[in-house]
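Okay, so here's the structure we're looking at.
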Amino acid sequence: MSHMADAYDYRHVEHKWQSQWEHERLYRPRDGDAKPKYYTMEMLPYPSGDLHIGHAKNYTLGDAVARMMRMLGYNVLHPMGWDAFGLPAENAAIARGVDPAAWTAENILNMRRQIRLMGTGYDWSREIATCEPEYYRWNQWLFLRLREHGLAYKREAPVNWCPVDATVLANEQVIDGRCWRCSSLVERRSLSQWFLRITAYADRLLEDLERLDGWPERTRTMQRNWIGRSEGARVRFEVEGLDESIDVFTTRLDTLYGATFLAVAPEHPIVRALSMLVTGEHTAQIQAFAESLQSKSELERTSMMEKRGVFTGAYAINPLSRGRIPIWVTNYVLAEYGSGAVMGVPAHDERDYDFAKRYRLPIEQVIVAEEGGTEAPLRASYVEDGRLIASGDFTGMSSADARAAMAACLAAAGAGEASIGYKLRDWLISRQRYWGTPIPIVYCARCGEVAVPDEQLPVLLPPRNAYEEFLKTPCPRCGEPARRESDTMDTFFESSWYYLRYLDPHNDAAPWALEVARRWMNVDQYIGGAEHAVLHLLYSRFFYKFFHDRGWIAGGDEPFQRLFHQGLVLCDGEKMSKSRGNVVGIDETADRHGIDAMRLFLLYVTPPEETSNWTDEGISGRVRLLNRMWRACDRHLGGSAGSVGSLEERQAPLVDNAEEKALLRAVHAAAKSAVDETLSRRFHYNTTIAKFDELVNLMTAIATKSPQSAALRYAVETLPILIAPFAPHIAEELWERLGQTGSVHLERYLVPDERLLITEEITLVVQVNGKVRARILADARVSEEEAVALALRDPNVRAYLDGKDLRKHIYVPGKLLNLVAA
RNA sequence: GGGGAAGUGGCGGAAUGGCAGACGCAGCCGCCUCAAAAGCGGCCGAGGCAACUCAUGUGGGUUCGACUCCCACCUUCCCCA
């Protein structure tokens with residue numbers, strides 16, 4: 001008879017089982033499986049070099065969910081990969097002269113080791129790395145399909161330029177006017193760039209948010225705001241003395257008669273046309289003004305600078321009032337937002353009001369409040385809806401009526417129409433960087449812009465020192481010398497469809513087969529940080545809708561059925577960073593506390609969506625729990641090989657004393673918590689692990705007093721199953737020591753037995769007028785009449801009822817009785 | 001400025017209309033030990049000798065009963081401008 005060592009040797013046990021699991025490949029889903037499919041994944045990491053505890057929280061949660069679902073009888077797909085293109089590799093290459101590919105490969109090697117060290121059950125046979133030609137080949141292929149459908153195009157436009165990263169950025173990557181990666185203030189530059197026409201899907205991206213009820217409301221709101229749909233009208237202003245017009249978009253068409261100037265962005269094409277019309281002095285002033293703004297960022301222009309402008313010397317005609325209003329070039333109108341021109345209505349718009357005050361432009365009120373409205377001079381803009389005044393035929397109408405009537409009138413005159421505006425702009429994907437997917441386009445002097453034919457894909461990323469050679473290529477159409485596109489793709493392109501590549505990672509005829517997409521999509525549960533709320537998660541939805549429209553996928557057109565954002569991890573209340581020296585590493589944690597303890601701690605310390613705080617004292621509590629589990633099981637292990645039996649035989653024993661009943665109840669309460677938290681997708685495993693604490697406390701007490709207890713034996717035999725998804729190593733070790741031969745991770749989870757969960761005796765809480773006056777031990781099935789009788793026998797209750805009439809009572813069966821008296 | 005989320009012991013948190021503070025951390029006491037660590041057992045919101053009273057950011061409201069629902073305010077965080 002072998003006997004286990006006194007102390008739980010986590011280092012030995014964790015290493016033993018990790019090697020074993022890798023060898024046995026437990027976690028591959030079976031394609032022909034009749035069980036319902038469950039596709040769960042976490043956002044794939046950038047291979048920065050080391051896994052930190054924030055990753056660990058994300059993957060521990062994902063792993064617990066995947067293991068629970070597998071044990072609940074689902075055919076679980078749980079893959080992992082690498083978001084492997086991107087700037088850090090290139091910056092490391094520049095700083096230290098290493099090859100970005102080699103640097104990335106080395107990091108992947110280390111981080112894959114660390115993810116395995118965490119005891120995670122991924123299906124590694126599906127692993128992808130987006131920097132490999134086998135992957136980015138399909139990036140290029142998808143890009144060409146987008147281009148064929150008019151969804152990828154090149155144009156010259158003012159774009160966000162990050163001076164530090166030396167590349168352009170998409171709008172979503174500019175946070176408060178700064179680069180999302182390095183926080184430098186972005187500049188405006190006019191460059192010819194590739195865009196994806198995400199705006200073509202704006203309405204669907206917006207409308208379908210309504211159906212995404214498995215997403216956090218917060219994230220849906222953010223996407224809604226980002227898309228920024230607004231109903232309004234387009235109005236055409238003729239330019240006096242020129243055969244040109246200026247379109248403006250407005251949500252306040254009802255204020256049209258109050259327009260006293262027209263404000264255009266310096267980049268607006270009309271500005272050049274006007275030079276034929278106005279004096280050289282005006283032209284020079286406009287040019288000087290435009291130049292002063294050229295490199296200024298959007299943030300600087302819209303909120304950091306004073307509103308400034310110069311009069312162009314030209315006038316526009318209000319299409320309804322036929323009034324003549326001056327055209328100004330201003331810094332607060334952006335060329336890329338709306339049409340690059342707005343009608344200035346100082347009486348009813350704050351920014352126009354400020355501008356008009358500064359340049360002494362007229363302020364003409366055309367809207368008054370519905371009730372108590374006066375025509376007294378405005379001291380600030382009145383921006384609410386109201387009733388129209390001084391608006392020709394429209395005078396007296398409400399704002400809403402006027403908007404409709406004016407839109408109809410404009411449409412009849414061919415001078416505008418009702419129109420929808422969006423804040424969302426097309427996705428700029430060109431990056432002036434080396435370490436990314438080459439855009440598969442060739443520029444030929446004769447044929448122009450030519451797509452690289454599919455059969456020539458992938459366009460391989462050349463070694464850095466062969467770049468100039470790489471750019472020279474014959475035109476795929478005419479064979480004459482031509483030049484390749486030198487820009488690479490935004491890395492968000494890769495991550496917009498990788499969840500499909502996991503399904504068919506070795507397919508070399510297509511990015512994925514329709515058949516596997518039909519079998520596995522969509523992703524049942526996606527877990528990742530909230531920082532991608534409008535980046536990755538919006539781009540992915542756009543791609544997936546495109547795939548849907550092509551018939552490349554089956555089912556719905558949303559990729560992620562349910563989304564969960566895990567919270568951050570702080571260390572001793574502070575954000576972890578290398579400069580603070582408080583980065584908690586995986587290797588160190590595995591060695592000092594053990595992986596199971598780390599996993600339990602990360603799940604236990606807070607609900608998963610909250611920010612957690614890592615402390616050494618905190619994790620010591622989970623180390624203690626594991627040691628207590630080990631000791632509580634001690635006597636029952638080793639010598640009892642084969643006695644556990646099959647699932648059917650593993651029935652809870654009949655016991656008659658209260659302590660043992662409480663133990664059986666604790667076993668099933670823990671199972672119930674684990675199952676409920678999983679199926680409700682609340683994932684508050686902190687409460688589940690608290691149930692494990694309670695269970696082990698009871699086991700410990702009984703193990704001392706009555707080690708031969710049948711209930712204790714049952715708890716010992718069941719514990720490994722209960723904890724398997726959360727602390728997979730100790731679970732497997734205990735399981736083996738119970739004499740089991742298979743893996744505990746292939747077992748079915750314990751089905752909570754309601755009969756064991758109910759208690760026979762309850763504490764009936766008796767209230768008088770809502771305040772607790774007695775706690776009475778009673779049979780759980782106590783009737784209402786019996787409960788009242790019991791309560792009225794209690795001296796304290798009688799004292800509080802003394803001299804009062806019992807008016808009524810409220811009875812909550814098995815819980816509470818409230819006596820209402822006056 | 002607009003929108004959203006949150007606020008509970010010394011700390012993390014539990015309770016989603018029914019015993020506020022489960023469970024853990026820290027702390028205190030005891031057992032064990034030559035001693036310590038570990039372990040095991042107990043105590044642990046405030047006031048009070050006690051019966052009790054007060055207590056879930058603040059103030060109102062709904063209800064037999066509110067941490068939970070509603071209104072207003074304060075604070076913090078997030079998003080948008």
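Chain letters run A, B, ... following the sequence lines, proteins first, then strands; residues in each count from 1. Source: prediction; values computed, not measured.
- By the ring-ring contact (aromatic ring centres under 6.0 Å, His included) test, Tyr10(A) is found to be paired with no residue, residues two or more places apart in sequence or in another chain being considered.
- For the segment residues 611-623 of chain A, residues with any heavy atom less than 4.0 angstrom from an atom of RNA chain B are, sorted by number, Glu617(A), Gly621(A), Arg622(A).
- Taking atom C1' on both nucleotides, C25(B) is separated from C43(B) by 16 Å, rounded to a whole Å.
- Judged purely by distance below 3.5 Å, without hydrogens or angles, the side chains of Asp596(A) and His729(A) pair a donor atom with an acceptor atom.
- Mapping Gln767(A) and Val605(A) onto RNA chain B by nearest heavy atom places Val605(A) at the nucleotide closer to the 5' end.
- Base orientation at G9(B) is syn, since its O4'-C1' glycosidic dihedral falls within 90° of 0.
- In this structure, CD of Glu531(A) is placed 14 Å from P of C80(B), rounded to the nearest angstrom.
- With both ends at atom P, the span from G45(B) to G39(B) equals 23 Å, rounded to whole Å.
- Counting to the nearest Å, the C1' atom of G17(B) and the NZ atom of Lys815(A) are 10 Å from each other.
- Within the structure, the side chain to side chain donor-acceptor pair (under 3.5 Å) test picks out the following pairs touching residues 760-778 of chain A (sequence neighbours left out): Lys661(A)-Glu760(A), Arg773(A)-Tyr800(A).
- Between Leu698(A) atom CG and C23(B) atom C1' the separation is 12 Å, expressed in whole Å.
- In terms of the side chain to side chain contact (heavy atoms under 4.5 Å, CB included) criterion, residue partners of Val605(A) (sequence neighbours excluded) are, by chain and number, Phe601(A), Ser612(A).
- Enclosure of atom CD in Glu350(A) is not indicated, since only 12 or fewer non-hydrogen atoms of other residues, nucleotides or ligands lie within 6.0 angstrom.
- For the pair Glu350(A) CD and A81(B) P, the computed distance is 15 Å after rounding to whole Å.
- Under a 4.0 Å N-O distance rule, the pair Arg252(A)/Asp352(A) does not qualify as a salt bridge.
- Within the structure, a side-chain polar atom (N or O) of Lys808(A) is placed less than 4.0 Å from OP1 or OP2 of C64(B).
- The nearest heavy atom of RNA chain B to Arg682(A) and to Val812(A) marks one nucleotide each, and the one closer to the 5' end goes with Arg682(A).
- Separation of atoms CD1 (Ile776(A)) and CZ (Arg793(A)) is listed at 8.5 Å; rounding is to 0.5 Å.
- As rounded to the nearest Å, U58(B) and G3(B) have C1' atoms that lie 23 Å from one another.
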**Request:** Mark up nucleotides 4-9 of chain B, 5' to 3', with B wherever a protein heavy atom is under 4.0 angstrom from a base atom, S wherever such an atom reaches only the sugar-phosphate, and - elsewhere.
**Result:** ------
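- Between Leu756(A) and His668(A), the closest heavy-atom pair is CD1-NE2, 3.3 Å.
- Every residue meeting the ring-ring contact (aromatic ring centres under 6.0 Å, His included) condition with Tyr201(A), not counting sequence neighbours, appears here in chain and number order: Phe542(A).
- Residues Arg211(A) and Asp208(A) are paired through a salt bridge, judged by an N-O separation under 4.0 Å between the basic side chain and the carboxylate.
- Contact annotation: Asn818(A) does not reach the phosphate of G18(B) (side-chain N/O to OP1 or OP2, under 4.0 Å).
- Rounded to an integer number of Å, the gap from Leu626(A) CG to A38(B) P is 17 Å.
- Using modelled atom types, one finds a donor on one side chain and an acceptor on the other under 3.5 Å when comparing Tyr685(A) with Thr678(A).
- Straight-line distance from the NZ atom of Lys691(A) to the C1' atom of G24(B): 14 Å, rounded to whole Å.
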**Request:** Walk me through it: do Arg622(A) and Asp693(A) pass the test salt bridge (Lys or Arg N to Asp or Glu O under 4.0 Å)?
**Result:** CA-CA 9 Å; Arg622(A) 300 304 86 194; Asp693(A) 276 319; 3.1 Å; yes
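- Among the nucleotides A14(B), C23(B), C80(B), the one closest to the side chain of Trp226(A) is C80(B).
- At a threshold of 4.0 Å, the pair Arg781(A)-Glu786(A) does not count as salt-bridged, since none of the basic side-chain nitrogens sits closer than that to a carboxylate oxygen.
- For Glu694(A), counting side-chain heavy atoms from C-beta on, the closest listed nucleotide (C23(B), C19(B), G13(B)) is C23(B).
- Atom CZ of Arg807(A) and atom C1' of U63(B) are 17 Å apart (whole Å).
- One C1' atom belongs to C23(B), the other to G30(B), and the distance between them is 23 Å to the nearest Å.
- The ring-ring contact (aromatic ring centres under 6.0 Å, His included) test applied to Phe683(A) returns Phe564(A), not counting sequence neighbours.
- For the ring-ring contact (aromatic ring centres under 6.0 Å, His included) test, no residue two or more places apart in sequence or in another chain qualifies with His565(A).
- Separating the P atom of C79(B) from that of G24(B) is a span of 37 Å, rounded to the nearest Å.
- Of all heavy-atom pairs between His593(A) and Val623(A), the closest is O-CG2, 3.8 Å.
- Straight-line distance from the CG atom of Leu625(A) to the P atom of A38(B): 17 Å, rounded to whole Å.
- With sequence neighbours excluded, the residues satisfying side chain to side chain contact (heavy atoms under 4.5 Å, CB included) with Ser709(A) are Glu660(A), Ile702(A), Ser706(A), Ala711(A), Leu712(A).
- Residue-level contact check: Tyr604(A) touches the bases, meaning some heavy atom is under 4.0 Å from a base atom.
- Across G17(B) and A26(B), the matching C1' atoms stand 34 Å from one another, rounded to whole Å.
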**Complete:** Reading nucleotides 39-53 of chain B from 5' to 3' and marking B where a protein heavy atom lies under 4.0 Å of the base, S where only the sugar-phosphate is that close, and - otherwise, the string is SS-----------SS
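- Ring orientation note: the planes of Tyr332(A) and Phe355(A) are tilted relative to one another, at an angle of 30° to 60°.
- Between G13(B) and U8(B), the distance separating the two C1' atoms is 9 Å to the nearest Å.
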Kindly give the atom pairs (protein nitrogen or oxygen, nucleotide nitrogen or oxygen) under 3.5 Å for nucleotides 30-32 of chain B.
none

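- In RNA chain B, runs of at least 3 consecutive Watson-Crick or G-U pairs, each pair with both distances below 3.5 Å, span B:1-7 with B:74-80, B:10-12 with B:23-25, B:27-31 with B:39-43, B:45-47 with B:52-54, B:57-61 with B:69-73.
- C19(B) and G4(B) are spaced 31 Å apart, taking the P atom of each and rounding to whole Å.
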